[in-house]
Structures are given as C-alpha cells and as structure tokens.
Amino acid sequence: MKNEKVSLITKPNTTLANKTGAWRTAKPMTDLLTCIGCSLCAKICPEGCIVMGEISESAANGKKLKPKNKKLKPKTDYNYCKGCGLCTHECLVKAIKMIKDY
Amino acid sequence: MKNSNENKFLSPGHNACAGCGQLSAAQAVMRGLNENIIIANATGCLEVTTTAYPQSAWGLPWIHSLFENAAAVASGILASLKQKGDKKTKVVVQAGDGGTFDIGLGLISGMWERGENILYICYDTEAYSNTGIQASGSTPYGASTTTTPDGSASIGSTQGKKDMLAIALAHGVKYVAQTTTGFPDDITNKVKKALSVEGPSYIQILCPCIPGWKINNDQAVMMGKSAVQTALYPLLEYSDGQLISSSLKKGFQARPAGEYLKNQGRFKHLKDKDISLIEKLAQANIDKYKI
Ligand SMILES: Cc1ncc(C[n+]2csc(CCOP(=O)(O)OP(=O)(O)O)c2C)c(N)n1
Ligand code: SF4
Ligand code: SF4
C-alpha cells in the first residue's frame, strides 16, 4: 500500500461544495410583499441558507414598495435549502408557502 | 443581493437531517460568537454532519479529537493560550448530551474544578442521536429509544433526566443557563452573556431531533417552544449560583404536558396516567424555578 500523506487539517467552509438543495422535495416560496422582515426564518433555518437583504422593485414583481416592504427581506439560497419547511411553519404572517419540487 | 454564505462560522452544505433542531440552535449559537474563538467539539451529530472528511462547514478554528475528551482538549488549548500570553481568545466546547451527561462528565468536572475560563455548550437531543437514538443520562422519563423501547411491558425510559444544571452549579460554575431551539434570540443572548463572564460557563440547549423524537421535519422550533410553554424545559439563567431569570415568572400558566408529548413519536405510547406523572415533573419545575 502506498504511504500517502493525510492531512488532518481541512479548509474552512468547504461544505459549500455540497449542493444539499438536491435533497428537497418541497420548496419554500416567500411572498416578499406579505413578509414583514422580522428575520425569524433566517434565524431558525438549520442550513443558514436564508440571508436578509434589500429587495429591488423587480424582485417584488414590479409592484410599488410600501414602507414595510423596504425593510430587509429574506432571500433563500436554493442551492442548499433542504426543504424542511421550518421557515414556512414558523413564519408569523404566513408569507412562506411550500410548493412541490420533484 | 449580496450572498453572505461565504466566511460564515457555520456554512450550509452540511449533512444534518432536514429540519434538524441541533443545527438550527447551532446557527443561533454562532451569531453569539466572534472571531476570537476556538471551538473544541465532541463526537456527535454536530461534529459528524459538519465535517465529512475532507470538508468542514466551520469558519472558526475548530478541533475534534474524541467523543469523551472535548473538555480536556479545551483545557489544553486554554493552557497554551495562557502560555502565549493570549488573553483575547476564548475557548468554547460543543457537545451532545451523551458527550456531556455521560461519557465526558469526568473531564468536564475537572475543567470546572480548575475554574477555567471556558464556555461549554451542550446540545441536548435527549439521546445519542448520531448512533441511532440510544438512551443517555438526559433521556426523560417515558421516552422510547432504541435501548429503552416501549412495549406491552415497558413505558420506555424508566429513569428521569439527570440534573446537569445542578451538577454545574455544584461546581461553582459562574454562569449556567438553559434554553431551547424554540428561542433563537434567547440562545444568542445567553451565548454573548456567557462569553462576557470571566470563568467557567455552561449553556444547555434542548434540541429537538427529527428521527430521535419521531417528529416531522418542520416541527423542531415548535417543539422547542412547547417544551418551555409546558414548563418541562424552562428558560433559565444562573449567575454566581443565583437564579436571575426564568420563563416561570409569576402568573405563568403552563400548557398541558400532553400537548408536547402527544406530538412526538417517542412519547406516543404514553397513557393518560403516564402523562399525569410527567405533568408532576412540570409542576416540580414550576416550584423549583419560579421567580
Ligand atoms: C468512545 C466512543 N464511544 C462511542 C462512540 C460512537 N459514537 C459516536 S457519536 C455517538 C453519539 C453521540 O451522542 P450525543 O453526545 O448525545 O450527541 P448527538 O449525536 O445526540 O448530537 C456515539 C455513541 C465514539 N465515537 N467514541
Ligand atoms: S425549508 Fe428549511 S432548509 Fe429550506 S430555507 Fe426553509 S428552513 Fe431553510
Ligand atoms: S439525527 Fe437528530 S440531531 Fe442528528 S442530524 Fe438528524 S435531526 Fe439532527
């Protein structure tokens, strides 16, 4: 057997190579106009794949943004979302719906 | 929109079950940490699912050695930081309930006995989740696990949960807190508070486990909340041995324990008389931790 050198030190954040979105059978869809920007979904997601950020008018389907819409809003990274449904289940204003994704 | 997934303390792409209550809690813990942290992690789901070789989800210095020795590894790191004159870096341990209540307990006791400035975080799934849900010293009365299965002559675990907070307090641990996956901001705040304490601190987080508790993928946060609302797992905080905050405040009205138990497969077999026994445990918590 070849005596290969094995490093016990690995590089940080390298799991980003795993697109766990492939696990998903249902997809959370967030209605950004219903969303009040509380960031609860981003806080509880076990993947940490929801990031709060500004949305553009185009992201709101071209509709005019009210003041409540100008808060930071969640963006789900579907490369990693496993479709667990936690965000949908916990959303206080029911802004997130699960849709079939297989 | 900027995607800030890169350089996070805990990245996506890990292998935890969809909806894992432990990883949800770990995200809240990470928001309480900062760059000046070294983590020693015991064996368990948090370690296994985040570090499938040669990858790592971690964005902080992070070390895993064995199941039982995370506290001793942390003590060693602290000793070397002291030797180098580094006063800024704080050492944090992360472990499951098996690693904490059972196999790691002796080394944790030593770490606390020496009064070391280390934050110990126990992710309490109330069983050895990673090896297939064997009962641990943290498994509550009546829970069905693979080593305490329910059946015609068995109600599941006949042992109560070990009082790990009391063990920490008996060692004079300066900051001792309990919280659950149902309260992400409470987790983050307690972590920040613990980091500001000079000396040992212990935080125990109830983490609903999907296959272990036999719950749906979207129920971990709800179960974490329900555990608090039923007084079975109150939010608690001790500073220098004094209870300084508790979810069991004056006027607290406990929800019926059955609400929490009946939604979990591990308790599904319980009869009304078993549930009323567990109701008594909730009342004992109210008596003990009311503030
Ligand atoms: C000395 C030793 N015994 C047993 C194991 C096998 N083992 C790996 S993870 C694990 C369970 C960990 O349970 P817990 O600490 O509760 O963490 P959880 O997986 O529930 O997060 C066990 C028994 C081991 N790695 N080392
Ligand atoms: S469905 Fe689950 S994994 Fe996907 S974004 Fe929501 S909480 Fe995260
Ligand atoms: S077995 Fe439980 S603790 Fe382990 S990854 Fe799955 S849900 Fe999380």
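Residue numbers begin at 1 in each chain, while the letters A, B, ... track the order of the sequences.
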Original post:
Contact part of B:Asp185 toward chain A, heavy-atom cut-off under 4.5 Å: side chain, backbone, both or neither?
Top reply: side chain
Original post:
Measuring heavy-atom distances to chain A, does B:Thr50 have an atom under 4.5 Å in its side chain, in its backbone, in both, or in neither?
Top reply: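 It is the backbone, since no side chain atom gets that close.
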Can you tell me which portion of [X] sits under 4.5 Å from chain B's heavy atoms? Options are side chain, backbone, both or neither.
X	result
A:Ile9	neither
A:Lys43	both
A:Ala42	backbone
A:Thr15	both

Subject >> Greatest number of heavy atom pairs closer than 4.5 Å to chain B - which of A:Ile44, A:Thr20, A:Leu8, A:Val6 >> reply: A:Ile44
Subject >> Most contacts with chain B, counted as non-hydrogen pairs under 4.5 angstrom, among A:Lys19, A:Glu90, A:Met98 >> reply: A:Glu90
**OP:** Could you tell me whether a side-chain N or O of A:His89 sits under 3.5 Å from a main-chain N or O of B:Val221, the two making a donor and an acceptor?
**Re:** no
Subject >> Any donor-acceptor pair under 3.5 Å from B:Ser56 side chain to A:Pro12 backbone >> reply: no
Identify the two heavy atoms, one from [X] and one from [Y], that lie closest to each other, and give their separation to 0.1 Å.
X	Y	answer
B:Ser11	A:Asn13	OG-ND2, 2.6 Å
A:Asn18	B:Gln55	ND2-OE1, 2.8 Å
A:Gly48	B:Pro12	O-CG, 4.1 Å
B:His14	A:Lys82	O-NZ, 3.1 Å

**OP:** Rounded to the nearest 0.5 Å, what's the gap from CG on A:Leu86 to OG1 on B:Thr181? Could you check?
**Re:** 9.5 Å
Subject >> Point-to-point distance, once rounded to the nearest 0.5 Å, from CG of B:Asn216 to SG of A:Cys84 >> reply: 11.5 Å
Subject >> Heavy-atom pairs under 4.5 Å with chain A, option from B:Gln219, B:Gln22, B:Met222 with the top count >> reply: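 Of the options given, most contacts go to B:Met222.
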Original post:
For the candidates B:Cys20, B:Ala28, B:Pro184, B:Ala16, which exhibits the highest count of non-hydrogen atom pairs separated by less than 4.5 Å from chain A?
Top reply: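 Maximum pair count with chain A is reached by B:Ala16.
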Original post:
Hey, which of B:Ile210, B:Leu23, B:Asn217 is the one that makes side-chain contact (heavy atoms from CB on, under 4.5 Å) with A:Pro46?
Top reply: B:Leu23
Original post:
Is it true that atom CZ of B:Arg255 has more than 12 heavy atoms of other residues, nucleotides or ligands lying nearer than 6.0 Å?
Top reply: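 No, the 6.0 Å shell around CZ holds no more than 12 heavy atoms from other groups.
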Subject >> Enclosure of B:Tyr53 OH (heavy-atom neighbours >12, cutoff 6.0 Å) >> reply: yes
Original post:
So A:Trp23 and B:Asn15, side chain to side chain contact (heavy atoms under 4.5 Å, CB included) or not? Walk me through it.
Top reply: CA-CA 10 Å; A:Trp23 296 23; B:Asn15 296 318; 4.2 Å; yes
